[in-house]
Amino acid sequence: MRSILYQKIYNIVKHIPFGHVATYGQIAVLAGIPGNARQVGYAMHALPDDSDVPWHRVVNARGEISIRSDPFYANIQRHLLNAEGVTFNKNGRISLEHFLWQTE
DNA sequence: GCAGTGACTAGTA
DNA sequence: ATACTAGCCACTG
């Protein structure tokens, strides 16, 4: 990996249990970089496809998929989450019951 | 070293 | 409810 920060982020993402999701902001806090949710997303973008990091369990603060540059991967993410039993609402948001750390 | 970019977020209108 | 703005800071060229 390019940096220790990435390692830390990946390690936290690996801690997300099966069938649960977490937000970029929450992961940023756990990684010791509160407010830097962008770097979490950037780390996910730099993540290789053959990685064992469950990147699909990371979503934005709205509980929705955020991938901008390549919408193709957003479809994959939705598919993977669906395969884990994660349910989506009408708006495409993930139900709050699936969030690992709820902000309330 | 400087400028542009971005899988974000919170605030404001 | 949506749309736009500013702040944020690691990465890239």
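Residue numbers start from 1 in every chain, and the chains themselves are labelled A, B, ... in the order their sequence lines are given, proteins ahead of strands.
Within the 4.0 angstrom heavy-atom criterion, only backbone atoms of the sugar-phosphate kind lie near A:Leu5; the bases stay farther away.
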- line: Taking Watson-Crick and G-U wobble contacts under 3.5 angstrom, with | marking pairs to another strand and [ ] crossing pairs, the secondary structure of DNA chain C is written .||||||.|||||
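Taken to the nearest 0.5 Å, the OG1 atom of A:Thr23 stands 8.5 Å off from the CG atom of A:Asn60. Separating the CH2 atom in A:Trp55 from the NZ atom in A:Lys14 is a distance of 16.0 Å, to the nearest 0.5 Å. Rounding to the nearest 0.5 angstrom, the gap separating the CD1 atom in A:Ile33 from the CG atom in A:Leu30 is 10.5 Å.
Near DNA chain C, meaning a heavy atom under 4.0 Å from it, residues 33-46 of chain A has A:Asn36, A:Arg38, A:Gln39, A:Tyr42 in order of number. Within residues 49-59 of chain A, no residue is approached by DNA chain C to less than 4.0 Å at the level of any non-hydrogen atom. Taking every heavy atom of residues 73-86 of chain A and every atom of DNA chain B, no pair lies under 4.0 Å.
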Side chains of residues 69-87 of chain A: which donor-acceptor partners sit under 3.5 Å, not counting sequence neighbours?
from: A:Asp70; atom 1: OD1; to: A:Phe72; atom 2: N; distance (Å): 3.3
from: A:Tyr73; atom 1: OH; to: A:Asp49; atom 2: OD2; distance (Å): 3.3
from: A:Asn75; atom 1: OD1; to: A:Arg78; atom 2: NH1; distance (Å): 3.2
from: A:Asn75; atom 1: OD1; to: A:Arg78; atom 2: NH2; distance (Å): 3.4
from: A:Gln77; atom 1: NE2; to: A:His56; atom 2: O; distance (Å): 2.8
from: A:Gln77; atom 1: NE2; to: A:Val58; atom 2: O; distance (Å): 2.9
from: A:Glu84; atom 1: OE1; to: A:Gly19; atom 2: N; distance (Å): 3.1
from: A:Glu84; atom 1: OE1; to: A:Arg57; atom 2: NE; distance (Å): 2.9
from: A:Glu84; atom 1: OE2; to: A:His56; atom 2: NE2; distance (Å): 2.9
from: A:Glu84; atom 1: OE2; to: A:Arg57; atom 2: NE; distance (Å): 3.2
from: A:Glu84; atom 1: OE2; to: A:Arg57; atom 2: NH2; distance (Å): 2.8
from: A:Thr87; atom 1: OG1; to: A:Ser95; atom 2: OG; distance (Å): 3.2
from: A:Thr87; atom 1: OG1; to: A:His98; atom 2: NE2; distance (Å): 3.0

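With sequence neighbours left out, the side chain to side chain contact (heavy atoms under 4.5 Å, CB included) criterion links A:Ala43 to A:Tyr6, A:Ile9, A:Tyr10.
Contact annotation: A:Ser69 side-chain N/O to B:dA7 OP1/OP2 distance is under 4.0 Å. OP1 or OP2 of B:dC8 has not a single side-chain nitrogen or oxygen of A:Arg62 nearer than 4.0 Å.
Side-chain contact between A:Pro54 and A:Val13: present, with at least one pair of heavy atoms (C-beta onward) separated by less than 4.5 Å.
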